[in-house]
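Keep in mind it's a predicted model, so treat the numbers as computed, not measured. For this chain, numbers begin at 1 and follow the sequence in order. All heavy atoms count here, side chains included; hydrogens, waters and symmetry mates do not.
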Amino acid sequence: MPRDPRYDVLFEPVEIGPVTAKNRFFQVPHCNGMGYRYPSSMAEMRRIKAEGGWGVVNTEEMEISHNSELSPIPEARLWDDADIPILAKMVDGVHSHGALAGAELAHLGGGASNMYSREIPMGPSARPTDLLDPVNVRAMDKSDIRDFRKMHVDAALRCKRAGFDIVYLYCGHDMTTFAHFLSKGRNDRSDEYGGPLENRVRLLRESLTDIKDAVGDRCAIAIRFGLTLVPGPNGDQCDSENHDVVRMLADIPDLWDVQVGDWPFDSSTSRFEKQGHQDSHLSFVKKVTNKPVVGVGRYTSPDAMVSLIKGGHIDLIGAARPSIADPFLPKKVKEGRIEDIRECIGCNMCVTGDFRAVPLRCTQNPTMGEEWRKGWHPEQIKAKTSDETVLIVGGGPSGLEAARALGARGYEVTLAEAQSDTGGRVNVESKLPGLNEWGRVTDYRQYQISQMVNVNVYCESDLTAEQVMEFEADHVVLATGSDWCSSGIGRHNHTAIARDEGASVLTPDEISAGALPQGPVVVFDDDHYYIGGLMAEKLRLAGVEVTYVTPAPDVSNWTHNTMEQGRIQARLIDLGVTIVPLQNLAHIGLEQVTLSCMYTGRETTLPATSVVMATMRKPRETLYNDLLAAGADKACKSLTRIGDCLAPSTIAAAIYSGHRYARELNEPKIEGVPFRRELPALATD
Ligand code: ADP
Ligand code: SF4
């Protein structure tokens with residue numbers, strides 16, 4: 001299909017200093033949990049973005065020196081010449097599709113503790129590092145400043161040798177030495193690098209000029225600049241100094257990449273911020289500089305992108321998460337396939353890869369992070385190798401993804417779903433406060449399947465073992481999901497929590513379906529991801545008196561990894577939920593619960609007439625057990641469980657499970673480790 005002319009503006013070339021981006025789709029630097037540790041994986045992931053049409057593809061933050069490193073989190077590294085070949089591999093991949101490759105030079109100062117190199121971090125002033133390590137930053141003296149500037153020049157020259165087209169200075173997210181020099185709070189120097197703004201901006205200005213002199217003949221010089229939010233009369237607003245900095249440096253860099261606030265705010269989840277939440281803060285930048293401006297806002301809609309460009313807000317559409325959820329987004333816009341865009345849902349599962357120091361994963365895009373190690377391509381899948389048929393029972397995320405990917409392979413697929421619509425847990429969870437964008441998981445797959453003549457979906461089909469057997473499919477896939485369990489068994493209780501007869505205990509399934517216990521209610525969270533916090537929020541919004549109890553130190557503890565924890569806890573506090581951390585639930589009575597201190601075991605009581613148990617989900621196994629009893633595993637070629645009915649986990653894991661099943665059906669079984677590994681591969685590549 002030809003491209004809609006209203007999107008033509010997105011495909012205009014943009015001059016960035018001495019180089020030209022072929023279009024306005026700009027993959028901004030983003031962490032990926034691969035970096036220097038999994039460099040082939042990182043390079044292939046970036047190459048595929050370029051193949052998908054992004055005009056510019058950047059690295060993640062790239063450590064330019066061993067004296068500023070984030071171990072154990074693997075970022076890109078350019079400590080010396082030895083790192084050039086790895087980065088050149090990424091550059092070559094990006095260039096092979098006509099895109100520009102950018103490198104984000106990062107010196108993190110107090111944002112890193114140097115746990116690997118054991119060098120003492122340095123920054124504008126003596127301070128503890130931002131991490132909770134027992135490490136202090138030393139204040140840079142004049143020779144350190146000279147070294148620091150040289151470090152950037154050396155890194156820029158190495159970038160040029162690696163073939164990069166754009167070299168960035170990272171002054172964002174309140175996380176780097178440049179940002180710390182600019183900060184009134186972090187910089188209390190009394191020399192020409194401290195005090196008035198003209199002094200605090202000096203190092204940034206000098207370094208921009210240095211690297212422009214060093215590599216500006218062939219490379220564009222960019223700055224990633226973080227605007228700082230301060231409280232204002234109508235909510236948070238940009239610090240007026242930000243405007244001054246942009247004015248002072250206006251046309252020195254060839255490109256301004258502007259983001260707002262710290263990383264958790266910049267990459268807010270959809271639970272807290274919607275598409276374009278930074279726009280109002282950053283639109284001033286274009287009025288001050290003549291150079292192209294990049295901005296992010298989790299844009300997935302080409303119409304919104306066009307109005308940003310036409311409205312004169314930005315010149316290039318910056319994207320990290322939309323490019324992760326759909327590396328082929330630009331190509332789909334170009335080819336008039338808007339409905340095929342796999343839209344980011346704003347869950348930040350991708351960010352957890354960085355925080356947990358493992359290759360990133362994406363809820364929407366199961367191939368993300370698997371491009372090199374499994375050879376998975378987001379838009380290509382091997383054609384079927386037989387005419388065998390597949391029956392999938394259950395149309396939640398795992399069943400839907402298996403059906404979609406098997407359908408794309410050409411298999412004849414039947415999907416049976418008990419409910420009146422497919423979607424499974426996504427239909428339930430996307431109705432919880434703030435999660436409506438999660439419905440995109442279902443929307444994307446339902447649409448794709450609706451375009452396939454070889455995939456038939458039957459809703460309101462609650463299949464029994466007998467019906468499954470009668471169907472006589474060659475392969476039976478169970479994707480029947482899971483239920484929240486009321487026993488209380490979880491991470492801290494390995495047997496059911498004691499309770500009086502008649503005590504009211506509800507599950508998140510029941511609350512999500514509309515059950516409304518009268519208060520006082522205790523939500524007991526031994527799951528630690530989002531559901532316990534959401535139960536408290538939902539009930540409180542309905543006017544119920546809620547106490548949230550958890551053995552963890554804070555609310556929804558795992559959401560530190562999705563950068564939401566602070567906002568979830570703040571929301572519950574603002575709503576008037578009482579939060580009781582570091583307590584286990586020992587007993588449930590009719591009118592009260594008994595809590596036990598996680599450290600001392602001392603018991604206390606709380607009034608509660610109902611408990612909501614967010615502790616664990618149990619696989620729905622009945623159909624599987626019935627099928628085994630009926631001999632289905634022998635009657636058909638295969639009987640397989642996928643997703644939550646095998647082991648309940650995240651929606652991302654369910655989709656991955658369904659996708660993997662589809663990829664592997666009738667393919668030669670891989671013995672041993674089912675993916676390539678980087679270090680052993682070095683010996684043979
Ligand atoms: P997952 O995350 O693994 O995809 P979900 O719980 O989201 O799991 O979805 C499971 C789906 O399976 C639900 O929509 C449920 O209605 C459906 N289901 C469960 N048992 C049956 C069955 N016997 N026949 C048809 N559908 C079923
Ligand atoms: Fe978007 Fe979630 Fe994928 Fe990240 S993991 S790109 S937030 S859908």
Side-chain angles (χ1 to χ4, degrees), residues 390-403 406 413-429 441-442 457-491 493-497 505-513 526-527 529 531 612-662 664-665:
V390 185
L391 170 65
I392 301 172
V393 186
S398 64
L400 278 175
E401 176 60 17
L406 285 168
V413 180
T414 303
L415 175 66
E417 166 54 52
Q419 304 292 322
S420 57
D421 200 4
T422 54
R425 61 184 282 193
V426 173
N427 291 351
V428 176
E429 292 178 16
V441 166
T442 310
V457 178
Y458 298 95
C459 289
E460 295 178 339
S461 305
D462 191 356
L463 297 192
T464 61
E466 205 177 13
Q467 289 166 319
V468 171
M469 301 281 279
E470 275 169 14
F471 199 82
E472 294 187 344
D474 294 308
H475 301 277
V476 173
V477 184
L478 299 188
T480 51
S482 62
D483 296 303
W484 284 98
C485 161
S486 63
S487 70
I489 292 173
R491 289 191 161 76
N493 300 293
H494 302 303
T495 55
I497 295 174
V505 179
L506 295 120
T507 65
D509 290 327
E510 291 168 304
I511 301 296
S512 302
D526 198 18
D527 171 67
Y529 195 11
I531 205 77
V612 178
M613 204 65 97
T615 51
M616 78 170 268
R617 286 183 290 143
K618 277 177 64 168
R620 289 189 196 117
E621 294 175 312
T622 315
L623 183 59
Y624 181 64
N625 291 334
D626 291 351
L627 282 166
L628 284 183
D633 52 330
K634 302 195 180 62
C636 56
K637 288 192 162 66
S638 69
L639 171 65
T640 312
R641 287 172 294 170
I642 59 172
D644 292 333
C645 81
L646 179 61
S649 179
T650 58
I651 296 171
I655 289 175
Y656 181 81
S657 169
H659 190 83
R660 180 176 179 182
Y661 174 84
E664 293 179 355
L665 182 64

Asks: Kindly say whether R491 contributes a backbone atom to a donor-acceptor pair with the side chain of D526 at under 3.5 angstrom?
Replies: yes
Asks: Is any side-chain heavy atom of T640 less than 4.5 Å from a side-chain heavy atom of L665?
Replies: no
Asks: In Å and rounded to the nearest 0.5 Å, what is the NZ to CG distance from K637 to L639?
Replies: 14.5 Å
Asks: Would you say D509's side chain and W484's backbone share a donor-acceptor pair under 3.5 angstrom?
Replies: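 Pair found, side chain donor or acceptor close to backbone of W484.
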Asks: What distance do I531 atom CD1 and T615 atom OG1 have between them, rounded to the nearest 0.5 Å?
Replies: 12.0 Å
Asks: To the nearest 0.5 Å, what is the distance between CD1 (I651) and CD (E429)?
Replies: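 Going from CD1 on I651 over to CD on E429, the span is 4.5 Å.
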Asks: Can you confirm whether S649 sits close enough to Y656 that some side-chain heavy atom of one is under 4.5 Å from a side-chain heavy atom of the other?
Replies: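 S649 does not reach Y656 side chain to side chain.
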Asks: What is the minimum heavy-atom distance between S486 and V505, and which atoms define it?
Replies: O-CG1, 3.7 Å
Asks: Do the non-hydrogen side-chain atoms of E417 and V457 ever get within less than 4.5 Å of each other?
Replies: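 Not touching, per the 4.5 Å side-chain cut-off.
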Asks: Could you tell me whether the side chain of T480 and the main chain of R620 form a donor-acceptor pair under 3.5 Å?
Replies: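 Yes, T480 side chain to R620 backbone: donor-acceptor pair under 3.5 Å.
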Asks: Compare every heavy atom of L415 with every heavy atom of A403, then report the nearest pair and how far apart it is.
Replies: CB-CD2, 4.5 Å
Asks: Short question: side chain of S398, backbone of A654 - any donor-acceptor pair under 3.5 Å?
Replies: no
Asks: Can you see which heavy atom on G658 is nearest to which on E401, and at what distance?
Replies: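 Taking G658 first and E401 second, the nearest heavy atoms are C-CG, 4.2 Å.
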Asks: Taking atom CG of D483 and atom CE of M616, what is their separation to the nearest 0.5 Å?
Replies: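 The distance works out to 11.0 Å.
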Asks: Can you tell me how far apart CZ (R660) and CD1 (I642) are? Round to the nearest 0.5 Å.
Replies: 12.0 Å
Asks: What heavy-atom pair brings G643 and S657 nearest, and what distance separates the two atoms?
Replies: N-OG, 2.8 Å
Asks: Would the distance check show the side chain of Q419 and the main-chain N or O of D421 forming a donor-acceptor pair, the cut-off being under 3.5 Å?
Replies: no
Asks: Using only atom types and a distance under 3.5 Å, with no angle test, would you say the side chain of S461 pairs donor to acceptor with the backbone of C459?
Replies: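 Yes: the side chain of S461 pairs with the backbone of C459.
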Asks: Please report the shortest heavy-atom distance between A416 and L463, naming the atom on each side.
Replies: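 Between these two residues, the closest heavy atoms are CB-CD1, 3.6 Å.
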Asks: Does Q467 CD have over 12 foreign heavy atoms under 6.0 Å away?
Replies: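 Counting other residues, nucleotides and ligands, CD of Q467 exceeds 12 neighbours.
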Asks: Supply the atom-to-atom distance L391 CG to F471 CZ, rounded to the nearest 0.5 angstrom.
Replies: 5.5 Å
Asks: Could you tell me whether the side chain of T464 reaches within less than 4.5 Å of the side chain of D626, counting heavy atoms only?
Replies: no
Asks: Closest heavy-atom contact between M613 and I497?
Replies: CE-CD1, 4.1 Å
